[in-house]
Q: 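After the structure tokens below, expect a handful of questions from me.
What you see below is based on every heavy atom in this structure, not just the backbone, and it leaves out hydrogens, waters and symmetry mates.
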Amino acid sequence: MGWNIVTGPRAGMWVASKINGSYQSGSEAIGLERYGTFTAGVLFEHWNGKSIVAHIAVTGRMTPAFVAAIFHYPFIVCGVAKVICPIPSDNTRSIKLASNMGFEKEAVLKDAAPTGDILLFTLPKHNCRFLGDTYRGKIRTPSASCT
């Protein structure tokens, strides 16, 4: 099979490299590897008890277990009510992915990205379809804690 869900700085640095960002101490990351190569990852930062910011990078496939893990962490482990996903307005693939996951555009930060606007997509816990029975049993990797 070859799929492995991992957490920690290595996953965070991979996501950061894909979003032209940086991995900071205090952030958490969940990555999906296939035979040692990342295919997807999420970098979580700015947890305030009520919400958390997520940056998602995907270069290949995602497994149902990975999808379950990336929503279990913010909503169950961290206990947030909302996940915020900032996306540059010209990143149509990420906009489509976020929309397909259930995120909705909530705000526009004009001229905040090098290439235009930053769109803030959000997903409240009560709208997350990945917390139900279909996905819950797929999580096999323990999640880190929120700090």
Q: Looking at side-chain heavy atoms only, is the closest gap between Ile70 and Phe130 below 4.5 Å?
A: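 Heavy-atom side-chain distance check fails, nothing below 4.5 Å.
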Q: Indicate yes or no: at least one non-hydrogen side-chain atom of Trp3 is less than 4.5 angstrom from one of Glu33.
A: no
Q: Following the transitive rule for hydrophobic clusters with a side-chain heavy-atom cut-off under 4.5 Å over Ile, Leu, Val, Met, Phe, Trp and Tyr, establish whether Val108 and Val83 coincide in one cluster.
A: yes
Q: Determine the minimum heavy-atom distance between Val42 and Ala54, stating which atoms define it.
A: CG1-CB, 3.9 Å
Q: Roughly how far apart are Ser27 OG and His46 NE2, rounded to 0.5 Å?
A: 7.0 Å
Q: Can you give me the closest heavy-atom contact between Gly31 and Ala11, atom names plus distance?
A: N-CB, 3.7 Å
Q: Rounded to the nearest 0.5 Å, how far apart are CD1 of Ile84 and CD1 of Ile52?
A: 9.5 Å
Q: What are the two closest heavy atoms between Arg61 and Ala40, and how far apart are they?
A: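 Heavy atoms only, the tightest pair is O-CB, 4.3 Å.
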Q: Taking C-beta and beyond as the side chain, do Ile56 and Leu97 meet within less than 4.5 Å on heavy atoms?
A: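 A side-chain contact exists here, since the closest heavy-atom pair is under 4.5 Å.
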Q: A side-chain contact here means heavy atoms from C-beta on lying under 4.5 Å apart; do Ile76 and Leu131 qualify?
A: yes
Q: Give the table of side-chain donor-acceptor pairs shorter than 3.5 Å for residues 119-126, with sequence neighbours excluded, one pair per line with atom names and distance.
A:
unit_1: Thr122; atom_1: OG1; unit_2: Glu106; atom_2: OE1; d: 2.6

Q: Using the rule that two of Ile, Leu, Val, Met, Phe, Trp, Tyr join whenever any of their side-chain heavy atoms come within less than 4.5 Å, decide whether Val53 and Val77 are in one cluster.
A: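 Per the 4.5 Å side-chain linkage, Val53 and Val77 are not co-clustered.
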Q: Just wondering, do Asp117 and Pro88 contact through their side chains at under 4.5 Å, heavy atoms?
A: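 Side-chain contact under 4.5 Å: no.
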Q: Mind checking whether Ile30 and Ile5 have side chains closer than 4.5 Å, heavy atoms only?
A: yes
Q: Listing request: all ring pair (Phe, Tyr, Trp, His ring centres under 6.0 Å) pairs with a residue in residues 9-33, at least two apart in sequence or in separate chains.
A: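 Every ring pair (Phe, Tyr, Trp, His ring centres under 6.0 Å) pair that includes a residue of residues 9-33, provided the two are not neighbours, is Trp14-Phe38.
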Q: Do Pro86 and His55 have side-chain heavy atoms sitting under 4.5 Å apart?
A: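 Yes. Closest side-chain heavy atoms under 4.5 Å.
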Q: Flag the pair Phe71 / Arg129 as yes when at least one side-chain heavy-atom distance between them is below 4.5 Å, and no otherwise.
A: no
Q: If you take all heavy atoms of Thr59 and Lys18, which pair is closest and at what distance?
A: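 Of all heavy-atom pairs spanning Thr59 and Lys18, the closest is CG2-CE, 4.1 Å.
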Q: To the nearest 0.5 Å, how far apart are NZ in Lys105 and SG in Cys85?
A: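 Between Lys105 NZ and Cys85 SG, I get 14.0 Å after rounding to 0.5 Å.
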Q: In Å and rounded to the nearest 0.5 Å, what is the CG to OG1 distance from Asn4 to Thr39?
A: 10.5 Å
Q: State which residue, out of Trp47, Phe44, Phe66, fulfils the ring-ring contact (aromatic ring centres under 6.0 Å, His included) condition with Tyr73.
A: Phe44
Q: Looking only at non-hydrogen atoms, find the nearest pair between Ile118 and Ala113 and report the distance.
A: CG1-CB, 3.7 Å
